[in-house]
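Below, all heavy atoms of this structure are taken into account, side chains as well, without hydrogens, waters or symmetry copies. In this text the structure is predicted, and so the values were computed from the model without any measurement. Naming convention: chains lettered A, B, ... in sequence-line order (proteins, then strands); numbering from 1 in each chain.
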Amino acid sequence: MFRALSRVSTAGFRSLARTRTGYSAPLASRCYSHGKVETDEEFDSRWVTYFSKPDIDAWELRKGMNTLIGYDLVPEPKILDSALRACRRLNDLASAIRILEAVKDKAGPHKDIYPYVIQELKPTLTELGISTPEELGIDKL
Amino acid sequence: MSLPKPVMRGLLAKRLRFHLPIAFTLAITAAIAFKFTVTEPRKKAYADFYKQYDAVKEFNAMREAGIFESVRPSGE
């Protein structure tokens with residue numbers, strides 16, 4: 001939350017004077033005093049690798065997902081694909097469906113994100129036999 | 001029909017960037033408005049009251065009302 005805030009405030013003060021046309025991805029404009037800024041692709045591949053560990057254990061899956069959900073982003077379909085395969089290796093269908101619920105929640109008011117993610121994950125979901133919360137009827141309160 | 005890829009990063013930052021300045025402005029405006037509609041009139045009311053306040057006159061009025069024990073009304 002505070003990282004998002006610092007990102008906004010530093011970017012905001014700097015761009016206060018100029019117009020906001022073509023504003024680039026906030027992640028790239030993080031204000032480090034030193035240290036390399038990680039690109040979106042590096043971030044994604046790091047997380048795909050994390051979940052691709054063949055002998056990943058349940059704790060690491062939960063830890064990874066919780067950390068990932070803490071970021072100011074909706075995870076890319078390729079990261080989620082890797083996480084769902086990790087669930088398959090751990091025989092954890094519940095976590096797989098929970099991951100889908102978490103993605104929908106992370107999207108918040110942006111209703112176009114979840115359908116897109118499901119569209120991208122459809123082959124994986126079919127292959128692994130994972131039902132979506134909607135198919136199970138557990139998306140309604 | 002295949003859905004296009006939406007923006008998936010920095011959504012909170014974008015929201016804060018829009019709403020935080022508004023929030024701070026409204027909060028500060030509310031504080032300023034409260035100051036000038038409530039606290040300043042209140043302070044002025046007290047100041048005006050005490051500008052013409054005659055402590056001795058008030059004391060004698062209270063004395064005659066008989067509320068003190070240390071000094072009785074002038075009649076007794």
Legend entry - Nearest atoms (heavy-atom pairs only) where D44(A) meets I79(A): OD1-CD1, 3.5 Å
Inset, instruction - Output yes when D48(B) and K51(B) qualify as a salt bridge under the 4.0 Å nitrogen-oxygen rule, no when they do not. - result: yes
Inset, instruction - Using a 4.5 Å cut-off on heavy atoms from C-beta on, say whether the side chain of S95(A) contacts that of L90(A). - result: no
Inset, instruction - Name the region of F43(A), side chain, backbone, both or neither, that has any atom closer than 4.5 Å to a heavy atom of chain B. - result: side chain
Legend entry - Residue P109(A) versus chain B: region with a heavy atom under 4.5 Å: neither
Inset, instruction - Please say which of I118(A), I99(A), T124(A) ends up in a side-chain contact (heavy atoms from CB on, under 4.5 Å) with L80(A). - result: I99(A)
Legend entry - Atom group of P21(B) that falls short of 4.5 Å from chain A, counting heavy atoms: neither
